[in-house]
There are 2 protein chains.
Amino acid sequence: MFTLAEENYLKAIYHLEKESKSGVSTNAIAVKLNTQPSSVTDMVQKLAHKKVLSYQKYKGSFLTKEGKKIATNVIRKHRLWEVFLVEKLKFQWDEVHEIAEQLEHIKSEELIKRLDAFLDHPDFDPHGDPIPDENGNIKPTEKKLLSELQKDQRGICVGVKESSSQFLQYLDTRNIGIGTTIKVVDKEEFDDSMTIQVGETQLHITDKIAHNLYINTN
Amino acid sequence: MFTLAEENYLKAIYHLEKESKSGVSTNAIAVKLNTQPSSVTDMVQKLAHKKVLSYQKYKGSFLTKEGKKIATNVIRKHRLWEVFLVEKLKFQWDEVHEIAEQLEHIKSEELIKRLDAFLDHPDFDPHGDPIPDENGNIKPTEKKLLSELQKDQRGICVGVKESSSQFLQYLDTRNIGIGTTIKVVDKEEFDDSMTIQVGETQLHITDKIAHNLYINTN
DNA sequence: TTTAATTTTTAGTCTTGTCTAAACTTATGG
DNA sequence: CCATAAGTTTAGACAAGACTAAAAATTAAA
């Protein structure tokens, strides 16, 4: 069994690993978790001993298969809870992260299984990030920025890049949310603005908006 | 802000206070929390310092107004989560306690406010215990054992006294659950068995069953 | 009311996870 | 290629919350 602190380290290292491609540096972990590098050294040594990551002095760490499994499981829980908070409890997209940080550590496999079913086995969280399955597999996502779509392409809104309240409210008043189908009706090369179809209505949006909306084009 | 351990102490003391009427003994707390009395002494001194309980050496502890408020708030969260687990995630009545023990410590007032609304402001948890409101007020309950009802009296099932799997399954197969209206059709003085009306059907039950079902006769 | 049993507290220790300060590696630049 | 900077680790300390063993207070019994 892993403690709350251990789970947070594994999660942080998992995220950092995807960006660095090589071993994750002690400093990077410290920055991510808002701790001192010396604390990180202690913890990675402990986690290495527990076989969930491999660590060499001065060379950084990377997760073992076992470590990845634990990390993705925590991420799975986090994202499922985020879906719950937004879909069922009607939180805004940007209000849920802190609460999910706590909920992700609740220990009960059965709980997550049932929550997943209750939410109808969602594939993405409210930020458009994919939800790993029980085995830690993450479906390769076709997530793109709306600005990358071509004329006449369509997709489903799966999340936002920036999540300020103003932006989310902008989207809300225009009936754009998770699961909304968006079609690019026209694209203006000059200023990168575009006309999109949302439900019955057409909408003209600036490049700034288009650069902050994630679309799944599967 | 209070730690998980502190919240658990306050909750335990709150429950014990209702039974003892005088100060709660150090030993009683230790038994309830499965710790050593010496650990309890340390903690109650700390909590006394924080003004959430008053404590006198060798005389036991009792909660201050502030302490009661925190305790009832934790209990409120616990019971709301239990309702969620049973009503929404379809857990059995007896499977939810451990999970709710964890969920009750999630910190977010907004979360509980929304969860309460999502569950339609329930008054009782799946065990028939009343859910305190935001201010810690607990509605005086008319909860009785089914065995205490008279012929022709009716009420709503609000919980169980014993919660073994067998008993819960017995109830399930007979369509008795939280919220089920039960009417006493006939009562046999000789062996305390009774005939009850559940929905369309009548049912003959033994005294053992009647002694383990809580009914709200409001 | 004096002794014995019980309960409670104190003192000292341990583990987890953190910190600071100092020492040590590795990387960088002249 | 050596000196310095940057990053990392070690050593020692601390707070929270628990434990054991021993001392002290209270209660019960003779």
Can you say whether the rings of F118(B) and F84(A) are parallel (under 30°), tilted (30 to 60°) or perpendicular (over 60°)? perpendicular

Taking CE from M43(B) and C1' from dT10(C), how many angstroms apart are they, rounded to a whole number? 18 Å

Expressed in angstrom and rounded to an integer, what is the separation of Q45(A) atom CD from dT8(D) atom P? 13 Å

Ordered by number, residues from residues 34-41 of chain A within less than 4.0 Å of DNA chain C (heavy atoms) are T35(A), Q36(A), S38(A), S39(A)

In terms of ring plane angle, is the pair Y170(B) and F167(B) parallel, tilted or perpendicular, where the classes change at 30° and 60°? parallel

Could you check V160(B) against L171(B) for side chain to side chain contact (heavy atoms under 4.5 Å, CB included), going step by step and ending with a plain yes or no? CA-CA 10 Å; V160(B) 293; L171(B) 297 176; 3.7 Å; yes

Please determine if a side-chain N or O atom of Y9(A) lies less than 4.0 Å away from the OP1 or OP2 oxygen of dT18(C). yes

In whole Å, what is the span from the CG atom of N27(A) to the P atom of dA6(D)? 12 Å

Let's see if you get this right: which residues in residues 49-58 of chain B place a heavy atom under 4.0 Å from DNA chain C? Y55(B), K57(B), Y58(B)

Pi-cation contact, F91(A) with R114(B) (under 6.0 Å, within 45°): yes

Starting at atom CG of D42(A), determine the distance to atom C1' of dT9(D), rounded to an integer number of angstrom. 9 Å

Both conditions, 6.0 Å and 45 degrees, for the charged tip of K107(B) above the ring of F2(B): are they met here? no

Between the side chains of E162(A) and S164(A), does any donor sit under 3.5 Å from an acceptor? yes

Does NZ belonging to K143(A) count more than 12 external heavy atoms closer than 6.0 Å? yes

Return whichever of K59(A) or A5(A) has its heavy-atom-nearest nucleotide of DNA chain C closer to the 5' end. A5(A)

Check the pair H97(B), H78(B) against ring-ring contact (aromatic ring centres under 6.0 Å, His included), reporting the backbone distance first and the verdict last. CA-CA 8 Å; H97(B) 191 263; H78(B) 181 104; 4.8 Å; yes

